[in-house]
**Student:** 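Structure provided below as structure tokens; questions to follow.
Everything numeric here is computed off the predicted structure, so don't read it as measured data. Residue numbers begin at 1 in each chain, while the letters A, B, ... track the order of the sequences.
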Amino acid sequence: MSVDEERVRTLMSTLKRRGIVYPAFELYGGVAGLFDYGPIGARILRLVNEMWLNHWLKKGNIVEIDSPTITPNEVLEASGHVGAFNDHAVQCASCNSVSRADHLLENFVSNPDSLSSTELDNAIHANNIVCPSCGKSNWNNAEPMNLMFPTRLGPVGDGRMAFLRPETAQGMFTNFGPLYRHFRQRLPFGAVQLGKGYRNEISPRQGMIRQREFNMAELEYFIDPEDSETLDVIFDSEIELHLLPESDSQSTSTTQMSMSSAIESGIVRHPIVGKFMMDTHELLTTLGIDSARIRFRQHENNEMAHYASDCWDCEIHGSYGWIECVGIAHRGCYDLDAHASASSSGELMAWREYEKPIEVDEIRWIPIQANIGPIFRQDAAAVIQSLEQIEDSPDSLPFDITLMDGRKVSIKDGMVESRRIQKTVNGEWFTPHVIEPAFGIDRIVWHILDHAFDRTEKDGENYDVLRLNECVSPYHAVVLPLFNKEGMPEIAKDVFNRLCAHHGIVPSIDAFGKSIGRRYARADEIGIPWAITIDHQSVEDGSVTIRRRDDQKQIRMQIDELIDSLCSGNLAHSTKWNM
RNA sequence: GCGAGCGUAGUGUAGUGGUUAUCACCCCACGUUGCCAACGUGGGAACCCGGGUUCAAAUCCCGGCGCUCGCACCA
């Protein structure tokens with residue numbers, strides 16, 4: 001678990017020196033928790049985002065949306081990010097250290113996290129709680145601790161309260177209606193969003209791992225909880241994942257098993273969760289994360305948000321130890337229900353057709369509203385609601401009903417009329433459940449770099465190679481004239497231009513001044529997989545050499561052939577490498 | 001937020017009150033060079049910010065900012 005400080009330092013300074021990632025605003029002394037992606041890093045970030053996006057879009061029933069990062073208070077209040085569910089912090093007036101109020105009270109009152117600020121203050125005084133760092137009992141008032149960045153809409157006056165979003169998920173939930181219509185009202189479907197999230201961390205640590213503004217990518221996959229879709233892919237796959245189930249959370253060693261047996265044994269509680277775990281593993285390994293350093297850790301029941309029924313963190317092992325990079329949570333109907341109730345909208349539901357229509361033929365007591373209103377006045381609505389919810393209608397009047405708040409009222413002649421209801425019910429509205437894989441993109445980029453960074457020795461000196469997979473390397477190839485004479489720079493420029501002309505190909509050129517060895521080394525250090533060298537023979541017969549980054553092996557090809565195989569992605573498979 | 005340590009070119013560093021601020025890598029130009037961080041010549045580039053003490057501060061003191069670690073925090 002320990003941090004490899006030496007490696008972190010080396011990697012950080014390389015990332016900075018080569019323009020990959022470095023602290024932001026260093027011109028003004030730097031700002032904790034904010035990072036810049038430089039020219040190379042921004043390319044890598046872009047490619048990771050694209051790979052992530054395409055991975056999901058290719059499923060066929062998943063689309064991308066893009067919603068604002070500025071989110072009004074009401075949305076985040078409904079989601080539980082602000083308001084009653086906030087944790088409270090108290091500061092010690094003697095030593096200024098800050099503690100969580102509910103943690104201090106844990107052994108003294110039950111459910112301390114449900115108390116208000118005033119109740120917390122009272123409980124702290126009543127139980128004579130002492131400060132864990134200085135031992136005194138001299139507290140300031142408890143204050144809600146909110147890790148979101150607040151703002152207001154409008155430059156003057158008391159504009160509408162808003163926050164920078166702490167996650168992208170709320171955009172997908174508030175868009176459920178349009179998404180449901182886009183998918184022609186058919187579940188399951190998903191929506192993804194890539195973008196910035198903001199959390200005002202008390203103290204950001206561990207470099208890129210905990211930032212105040214970060215790149216996230218989330219998928220919200222909406223399902224019918226009663227639909228037991230069978231997923232052949234799970235049972236056809238023989239891939240084994242490293243799992244750390246909640247049942248043996250004390251254990252530090254993982255269990256290796258296939259997803260089908262994990263689901264059959266009940267460890268993974270929902271097949272879609274299992275499917276997304278497999279997808280996550282596939283995507284991460286494609287990006288260049290070492291499969292042996294990926295594990296899935298199941299949340300313990302007390303760690304899981306109260307609405308979730310199952311949650312797995314995908315952790316990647318790197319120079320900081322095991323770090324959570326992806327969370328896959330079964331969130332049930334919590335989010336859509338929360339927004340439905342806060343917005344009083346009926347839009348966040350889906351329709352489920354019954355296999356066979358239900359024929360209804362029953363006698364019901366229908367309220368006569370013109371009479372119930374004057375009799376019950378402010379309680380009239382509650383009475384009508386309770387009448388509608390009666391399962392077995394009594395045969396005769398009068399009878400008693402129980403209101404929502406527990407009070408009983410008597411229903412007498414004149415308040416209701418008996419009516420026979422005959423109808424066909426074809427289906428019902430329900431709140432879909434949602435399964436959410438949430439990716440911390442910066443953490444994934446960090447681990448891609450961490451796993452790719454390879455320090456070897458060459459002639460007694462350090463030699464660094466960034467062994468990035470081709471799909472995330474910043475340039476497809478670098479073009480190098482061997483010498484700055486005999487027409488080599490001109491041919492190099494021509495090859496470079498021809499590569500540029502191909503859609504989607506981004507080449508680099510390193511033409512002047514330095515020896516060929518140094519220029520190979522520069523390319524290796526930022527992970528360029530192929531180096532195309534223009535030499536004396538190129539001048540004579542139009543052939544060039546191609547050097548493979550990972551083993552420095554070189555082959556020779558005609559320029560046309562090279563451009564074709566590079567642009568079609570077949571260069572790695574050329575039979576010439578075997579010769 | 002608390003505590004401890006630290007902050008010198010792009011990177012890694014030397015420098016305990018008076019230096020033209022050390023060294024290496026690096027970057028650029030010119031020349032040389034027949035393929036893996038070559039060589040020659042020339043050039044570029046730093047004391048985190050602000051205040052104080054002192055004739056004099058990179059160096060001592062205070063504050064801020066930043067980094068690392070421990071505690072707390074990570075909804």
Side-chain angles (χ1 to χ4, degrees), chain A residues 2-3 5-6 8-19 22-34 38 76 79-92 94-100 102-104 113 131-134 140 144-148 166-167 199-207 209-212 214 303 305-306 323-324 440 456-465 480-486 488 512-525 531-539 544-549 551-554 556:
Chain A
S2 66
V3 177
E5 283 178 49
E6 181 65 32
V8 166
R9 252 203 313 277
T10 307
L11 190 47
M12 285 290 212
S13 61
T14 304
L15 295 182
K16 185 174 183 183
R17 196 162 39 82
R18 299 320 310 258
Y22 39 86
F25 306 115
E26 281 206 305
L27 197 57
Y28 290 95
V31 181
L34 300 181
L76 295 160
S79 67
H81 287 90
V82 276
F85 300 107
N86 258 353
D87 293 315
H88 288 73
V90 281
Q91 191 173 30
C92 170
S94 303
C95 73
N96 288 331
S97 73
V98 175
S99 307
R100 279 235 335 230
D102 54 325
H103 286 187
L104 291 173
D113 51 352
C131 170
S133 46
C134 70
N140 292 330
M145 182 177 59
N146 199 319
L147 261 48
M148 292 190 293
E167 60 176 26
R199 296 181 195 184
N200 203 354
E201 298 286 353
I202 295 171
S203 64
R205 288 281 173 86
Q206 297 181 297
I209 301 297
R210 257 170 74 195
Q211 302 185 48
R212 289 195 165 119
F214 49 96
E303 179 184 7
H306 61 277
I323 297 290
E324 173 199 347
T456 56
E457 209 168 274
K458 199 167 174 179
D459 305 328
E461 271 187 81
N462 288 331
Y463 193 89
D464 296 337
V465 182
L480 308 169
L482 184 58
F483 293 110
N484 188 17
K485 62 180 186 187
E486 293 174 24
M488 292 178 209
F512 304 113
K514 293 295 177 184
S515 73
I516 192 69
R518 174 175 301 281
R519 286 177 287 150
Y520 284 144
R522 284 171 172 172
D524 287 345
E525 213 179 0
I532 301 163
T533 310
I534 315 301
D535 57 14
H536 300 85
Q537 200 178 326
S538 313
V539 180
V544 292
T545 69
I546 302 101
R547 170 187 181 273
R548 186 161 63 185
R549 177 196 65 206
D551 61 0
Q552 310 188 350
K553 186 169 180 176
Q554 272 177 292
R556 182 166 282 278

**Student:** Counting any heavy atom closer than 4.0 Å, what does A:Pro166 reach on the DNA or RNA strands: base, sugar-phosphate only, or nothing?
**Tutor:** base
**Student:** Which nucleotide wins on minimum distance to the side chain of A:Ile202, given the candidates B:C73, B:C27, B:C35?
**Tutor:** B:C73
**Student:** When the nearest nucleotide of RNA chain B is assigned to A:Arg9 and to A:Gly30 on a heavy-atom basis, which residue is associated with the more 5' position?
**Tutor:**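 Its nearest nucleotide lies further toward 5', so the answer is A:Arg9.
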**Student:** Taking the same atom, P, in B:C30 and in B:C69, what whole-Å distance lies between them?
**Tutor:**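 Each nucleotide's P atom is 45 Å from the other's.
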**Student:** To the side chain of A:Arg205, which of B:A75, B:C35, B:C2 is closest?
**Tutor:**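 Nucleotide nearest to A:Arg205's side chain: B:C2.
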**Student:** Decide yes or no, distance alone: a donor-acceptor N/O pair under 3.5 angstrom between the base of B:C35 and the side-chain of A:Arg547.
**Tutor:** no
**Student:** Using a 4.0 Å heavy-atom cut-off, does A:Arg18 contact any base of the nucleic acid, only the sugar-phosphate backbone, or nothing at all?
**Tutor:**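 No contact.
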**Student:** To the nearest 0.5 Å, what is the distance between CG (A:Leu480) and CD1 (A:Ile516)?
**Tutor:**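 Reported value, rounded in 0.5 Å steps: 4.5 Å.
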**Student:** Is a donor on one side and an acceptor on the other found under 3.5 Å between the side chain of A:Arg199 and the backbone of A:Leu147?
**Tutor:**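 No; judged by distance alone, with no hydrogens or angles, the pair does not exist.
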**Student:** Let's see if you can work this out: which of B:C28, B:C36, B:A75 has an atom nearest to the side-chain heavy atoms of A:Met148?
**Tutor:**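 Among B:C28, B:C36, B:A75, the one nearest the side chain of A:Met148 is B:A75.
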**Student:** Side chain of A:Ala32 only, heavy atoms from C-beta on: which candidate in B:C67, B:G34, B:A72 is closest?
**Tutor:** B:C67
**Student:** When we call it a touch if two heavy atoms are under 4.0 Å apart, what does A:Ser13 touch: a base, just sugar-phosphate, or nothing?
**Tutor:** sugar-phosphate
**Student:** Please work out if A:Arg519 contacts a base, only the sugar-phosphate, or nothing of the nucleic acid, heavy-atom cut-off 4.0 Å.
**Tutor:**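 Touches nothing.
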**Student:** Measure the CZ-CD1 distance between A:Arg212 and A:Ile202 for me, rounded to the nearest 0.5 Å.
**Tutor:**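 If I round to the nearest 0.5 Å, the distance is 9.5 Å.
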**Student:** Between the base of B:C49 and the side chain of A:Tyr28, is there a donor and acceptor pair under 3.5 angstrom?
**Tutor:**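 No, no donor-acceptor pair under 3.5 Å.
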**Student:** Could you give the distance from CD (A:Glu486) to CG (A:Asn484), rounded to the nearest 0.5 Å?
**Tutor:** 11.0 Å
**Student:** Under 3.5 Å, is there a donor-acceptor pair between the side chain of A:Arg519 and the main chain of A:Pro481?
**Tutor:** yes
**Student:** From the set B:C36, B:G34, B:C67, return the single nucleotide nearest to any side-chain atom of A:Gln554.
**Tutor:**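 That would be B:C36.
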**Student:** Below 4.0 angstrom from OP1 or OP2 of B:A38, is there any side-chain N or O of A:Ser515?
**Tutor:** yes
**Student:** From the options B:A38, B:A37, B:U11, select the nucleotide whose nearest atom is closest to the side chain of A:Glu525.
**Tutor:**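 Within the option list, the nearest is B:A37.
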**Student:** Please determine if a side-chain N or O atom of A:Lys16 lies less than 4.0 Å away from the OP1 or OP2 oxygen of B:G10.
**Tutor:** no
**Student:** To check you understand the geometry: which heavy-atom pair defines the closest contact between A:Leu76 and A:Met148, and what is its length?
**Tutor:**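 What the structure gives for the nearest pair is CD1-SD, 4.0 Å.
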**Student:** Quantified in whole Å, what is the P atom distance between nucleotide B:G10 and nucleotide B:C47?
**Tutor:**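 My reading of the P atoms in B:G10 and B:C47 gives 9 Å.
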**Student:** For the side chain of A:Leu147, counting heavy atoms from C-beta on, which of B:G1, B:A75, B:G66 is nearest?
**Tutor:** B:A75
**Student:** Can you see which heavy atom on A:Phe25 is nearest to which on A:Leu34, and at what distance?
**Tutor:** CE1-CD1, 4.0 Å
**Student:** Mind checking if A:Gly38 touches a base, just sugar-phosphate, or nothing, with heavy atoms under 4.0 Å?
**Tutor:** nothing
**Student:** Pick the closest RNA chain B nucleotide for A:Gly29 and for A:Lys485 by heavy atoms, then say which residue is nearer the 5' end.
**Tutor:** A:Lys485
**Student:** List the atom of A:Val544, the atom of A:Thr533, and the distance in Å for their closest heavy-atom pair.
**Tutor:**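 Where A:Val544 meets A:Thr533 most closely, the heavy atoms are CB-O, 3.6 Å.
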**Student:** Give a yes or no on whether a salt bridge exists between A:Glu525 and A:Arg522, defined as a side-chain N under 4.0 angstrom from a carboxylate O.
**Tutor:**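 Salt bridge between A:Glu525 and A:Arg522, a charged N being under 4.0 Å from a carboxylate O: no.
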**Student:** Under 4.0 angstrom, heavy atoms only, what part of the nucleic acid is A:Thr545 near: base, sugar-phosphate, or nothing?
**Tutor:**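 Base: the residue A:Thr545, judged by heavy atoms under 4.0 Å, touches a nucleobase.
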**Student:** What integer number of Å spans the C1' atoms of B:G12 and B:C26?
**Tutor:** 11 Å
**Student:** OP1 or OP2 of B:C36 versus the side-chain N and O atoms of A:Arg518: is any pair under 4.0 Å?
**Tutor:**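 No, A:Arg518 has no side-chain N/O under 4.0 Å of OP1/OP2 on B:C36.
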**Student:** Rounding to the closest angstrom, what is the interatomic distance between B:C48 and B:C65 at atom C1'?
**Tutor:** 8 Å
**Student:** Does OP1 or OP2 of B:C27 have a side-chain N or O of A:Arg522 closer than 4.0 Å?
**Tutor:**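 Answer is yes, contact under 4.0 Å.
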**Student:** Tell me the stems RNA chain B sits in, counting at least three consecutive Watson-Crick or G-U wobble pairs, each under 3.5 Å on both distances.
**Tutor:**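 Stem list for RNA chain B: B:1-7 with B:65-71, B:10-12 with B:23-25, B:26-31 with B:39-44, B:48-52 with B:60-64.
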